[in-house]
Amino acid sequence: MGARHSAADVAVVGGGPAGAAAAIACALRGLRVTLFERGASGRDSPGETLHPGIEPLLAQLGVGAGLAAVTGARHPGIWTEWGGPRKFEPFGADAGGPWRGFQVKRGEFDAMLRSRAQALGVVLRQPVAVGPPLLRDGAVCGLETDAGPVPARLVIDATGRSRWLGRALGIDSPASSPPLLARYGYVRGSCPQRDGAPLMAGDAAGWTWTALVRPDTYQWTHLALDGGKPAADWLPEELRGLLPLGRARGADVTWRLAAQPAGPGWFMVGDAAALLDPSSARGVMKALMSGMAAAHLGAAVLAGQAPAAQTALAYRDWLAAWFAADAARMGAFYRGLGAAGFA
Ligand SMILES: Cc1cc2nc3c(=O)[nH]c(=O)nc-3n(C[C@H](O)[C@H](O)[C@H](O)COP(=O)(O)OP(=O)(O)OC[C@H]3O[C@@H](n4cnc5c(N)ncnc54)[C@H](O)[C@@H]3O)c2cc1C
């Protein structure tokens, strides 16, 4: 069997924050890991605003020192405007001064995590086309790729909203919000009022996020809560007149939680397991944490230190509690704004 087909202890599918974190955490536990990413390196994706609390997690993964190099701007808090006067919400402060969040360049951020994984011995297959999972006696035991089958003792699905494994196994991931489509885009130019900190503004019809992501470049996201669809060339008011960089894009961010996020030989992590709309502002942090948690639990199962079935249930309960708390908080907030359809 050639190197391109060699077996792995762990096969991680999806090289975003969740998959890269899972790969790093497995490699740190001495496991042989192969990471499969279908996209080309450096591709930008949304999810660029990170709370200052991300730093300890990145330090644990061994990439804390690299964060500055992939950061395009920093901010000490967020402006909010919800049917009342605009107000500034700082992250906090300590003796060293105000805590500041990060606007990372996501293509570079994800590549930094994958490089760290490679430095720990993870084999990175990118770009690669992944086929269906390999199954034996109801357990997942590897996956098909364009270079042939890859046996693995543990498969981790970190494919984000495409939910590769969940779809292949027919695992339900029911919607727990009305259908939500986020539209987002980038503009170049100058908007001095947005240079100090991002703005989250909204009402019952929806919310709009605007942020400086790097010098001269701003990102916006708009989420309609009333099912409305803005015109293709729509821009937030404060960014009108600036130069759009490409076309606005859309992402389905309907809230979903996988009914079964782990099972025999497999885990789902990040957005593949639990998805909330970006107003939660914690998607990347949760992706890192669930990737690290799955690696920790999966390694214990592989080492015979934890029973597989109970470990899968514990992971499911942990994710579900987290999801329920966030969904309750966000639902109450949206209901308070007058939006319909949030339980
Ligand atoms: C408009 C918008 C704005 C957002 N803003 C923020 C924000 O400001 N802060 C924040 O924390 N979060 C934000 N989020 C959420 C954040 O982007 C996600 O929660 C986070 O990226 C999830 O990480 P992940 O690794 O689970 O998935 P992803 O980042 O989606 O990574 C999945 C990876 O898997 C790869 N992949 C998919 N299918 C396959 C396959 N079949 N084979 C191989 N590889 C595959 C993809 O190419 C990708 O690299 C935002 C989301 C949206 C849509």
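As the structure lists them, so they are numbered: ligands from 1, and atoms in each ligand from 1. Positions are given from 1 along the sequence.
- For Arg329, the side chain to side chain donor-acceptor pair (under 3.5 Å) test picks out Asp326, with sequence neighbours left out.
- Ring geometry for Trp318 versus Trp322: interplanar angle of 30 to 60°, hence tilted.
- Here Arg247 pairs with nothing under the side chain to side chain donor-acceptor pair (under 3.5 Å) rule; sequence neighbours left out.
- Looking at heavy atoms from C-beta onward, Pro76 lies out of side-chain contact with Phe91 at the 4.5 angstrom threshold.
- For ligand 1, residues of the protein lying within 4.0 angstrom by heavy-atom distance are Val13, Gly14, Gly15, Gly16, Pro17, Ala18, Phe36, Glu37, Arg38, Arg43, Pro46, Gly47, Glu48, Thr49, Arg106, Val130, Ala158, Thr159, Gly160, Ser162, Tyr184, Thr221, Ala251, Val253, Gly270, Asp271, Pro278, Ala281, Arg282, Gly283, Val284, Ala287.
- In His51, the NE2 atom is crowded: over 12 heavy atoms of neighbouring residues, nucleotides or ligands sit closer than 6.0 Å.
- Within the hydrophobic cluster formed by Ile, Leu, Val, Met, Phe, Trp and Tyr side chains joined at under 4.5 Å, directly or through other members, Leu313 stands alone, with no partner residue.
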